[in-house]
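A quick note: this is a predicted structure, and the numbers were derived from the prediction, not measured. The sequence lines fix the lettering, A, B, ..., with proteins before strands; numbering per chain opens at 1.
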Amino acid sequence: MREPKLISPSLLARTALAAAPLLLGQTLVRVTEEGEIRCRIVETESYGGAEDRGSHAFGNRRTNRTEVMFAAGGIAYVYLIYGMYSCLNVVVGEMDDPQAVLIRAVEPLSESDQELMLRHRGRFSGKAANLSNGPGKLCRALRIDRSLNGYPLVRAGGVLRLESGDAADELPIVQCPRINIDYAGEYALKPWRFYIDGNPYVSVKDKHPMPWRG
DNA sequence: TATCGGATTGACT
DNA sequence: GTCAATCCGATAG
């Protein structure tokens with residue numbers, strides 16, 4: 001077994017569009033009072049730049065909520081959606097350029113990881129993948145909420161951190177339009193969602209996914 | 001201050 | 001397939 005290692009900061013200095021596929025296969029580590037949970041990122045979405053109408057920071061909208069998106073890459077952007085679910089983003093890119101990658105699905109790396117995640121999910125039914133096959137679900141399973149907004153993700157010993165996992169160029173990565181952003185006009189059609197093809201934890205399989213070529 | 005609606009989910013028809 | 005839960009951010013007034 002390889003020594004766990006934080007992911008390369010250079011990956012997080014890229015734009016969201018470049019970083020989103022590269023985050024697939026990487027390891028997300030969450031430490032709670034109950035123990036450490038390790039999981040693999042299997043689905044992401046890019047929200048990048050002032051011109052992306054789907055992004056909270058569209059038009060360089062700089063508010064209390066979006067402020068963390070303007071920081072240099074390497075911290076978490078966690079927001080509350082529909083009054084009841086948290087969503088986790090990885091802020092990437094240069095300072096003052098709002099770039100973030102939404103983590104939409106993760107897969108527990110071991111049975112003990114799965115058990116801890118299960119304990120954090122209140123009601124739960126159906127197939128195992130329902131544990132964390134969606135942005136709100138994975139935040140429940142990993143006990144992530146807005147108290148972690150702005151948290152640094154590349155710090156050894158951090159309670160939420162990114163470690164290197166599988167290399168993206170060895171994975172069957174596909175891309176397709178993002179989910180639930182009808183308000184974004186033509187930007188709702190951009191193929192800025194990425195996932196590991198065939199992975200059971202992917203939230204929604206696209207009808208016509210395109211192979212991603214790094 | 002008031003209003004609108006959301007980068008979702010689970011329950012139900 | 002439909003729909004409501006439930007809070008707060010963004011915007012209008």
* Could you work out the separation of C/dT6 and B/dA2 based on their P atoms and round it to a whole Å? => 22 Å
* Rounded C1' spacing from B/dG5 to C/dC3 in Å -> 15 Å
* Step by step, would you call A/Arg30 with A/Glu36 a salt bridge (charged side-chain N to carboxylate O under 4.0 Å, His left out)? -> CA-CA 6 Å; A/Arg30 171 70 171 129; A/Glu36 182 176 285; over 6 Å; no
Which whole-number value in Å describes the distance from [X] [atom1] to [N] [atom2]?
{"X": "A/Tyr187", "N": "B/dA7", "atom1": "OH", "atom2": "P", "result": "17 Å"}
{"X": "A/Leu131", "N": "B/dT9", "atom1": "CG", "atom2": "P", "result": "12 Å"}
{"X": "A/Asn64", "N": "C/dC8", "atom1": "CG", "atom2": "P", "result": "13 Å"}
{"X": "A/Asp145", "N": "C/dC8", "atom1": "CG", "atom2": "C1'", "result": "15 Å"}
{"X": "A/Lys137", "N": "B/dA11", "atom1": "NZ", "atom2": "P", "result": "11 Å"}
{"X": "A/Ile81", "N": "B/dG10", "atom1": "CD1", "atom2": "P", "result": "15 Å"}
{"X": "A/Gln99", "N": "B/dA7", "atom1": "CD", "atom2": "P", "result": "18 Å"}
{"X": "A/Arg178", "N": "B/dT8", "atom1": "CZ", "atom2": "C1'", "result": "16 Å"}

Whether [X] contacts [N] is assessed here as follows: a side-chain N or O lying under 4.0 Å from the phosphate OP1 or OP2. Is that the case?
{"X": "A/His56", "N": "C/dG9", "answer": "no"}
{"X": "A/Arg193", "N": "B/dA7", "answer": "no"}
{"X": "A/Arg61", "N": "C/dT11", "answer": "yes"}
{"X": "A/Asn180", "N": "B/dT8", "answer": "yes"}

* Structure fact -> Closest non-hydrogen atoms of A/Leu142 and A/Cys39, given as atom of the first, atom of the second and distance, are CD1-SG, 4.0 Å
* Under a 3.5 Å limit for both distances, which nucleotide forms a Watson-Crick or G-U wobble pair with C/dG1, could you say? => B/dC12
* Output field: ring centroids A/Tyr79/A/His56 closer than 6.0 Å -> yes
* Asked: Short question: side chain of A/Arg40, backbone of A/Leu109 - any donor-acceptor pair under 3.5 Å?
  -> no
* To do: Indicate yes or no for a side-chain donor-acceptor contact from A/Arg121 to the backbone of A/Asn130 under 3.5 Å, with no hydrogens or angles considered.
  => yes
* Do A/Arg62's NZ or CZ and the ring of A/Phe70 fall within the cation-pi criteria of under 6.0 Å and 45°? -> yes
* **Side-chain heavy-atom pair A/Leu12, A/Arg14 within 4.5 angstrom cut-off** => no
* Asked: Hey, what do you get for CG (A/Leu28) to CD1 (A/Ile41), rounding to the nearest 0.5 Å?
  -> 5.0 Å
Please work out if [X] contacts a base, only the sugar-phosphate, or nothing of the nucleic acid, heavy-atom cut-off 4.0 Å.
{"X": "A/Gly54", "value": "base"}
{"X": "A/Thr63", "value": "sugar-phosphate"}
{"X": "A/Ile181", "value": "sugar-phosphate"}
{"X": "A/Gly136", "value": "sugar-phosphate"}

Enumerate all atom pairs, one protein N or O and one N or O from nucleotides 1-5 of chain C, separated by less than 3.5 Å.
none

Nearest of [options] to any side-chain atom of [X]?
{"X": "A/Arg65", "options": "C/dA10, B/dA7, B/dT9", "result": "C/dA10"}
{"X": "A/Arg146", "options": "B/dT8, B/dG10, C/dC8", "result": "C/dC8"}
{"X": "A/Leu102", "options": "B/dA7, B/dT9, C/dA10", "result": "B/dA7"}
{"X": "A/Leu80", "options": "C/dC8, B/dG6, B/dG10", "result": "C/dC8"}
{"X": "A/Tyr47", "options": "B/dG10, B/dT8, B/dA7", "result": "B/dA7"}

* **Donor + acceptor pair across side chains of A/Ser203, A/Arg104 (<3.5 Å)** => yes
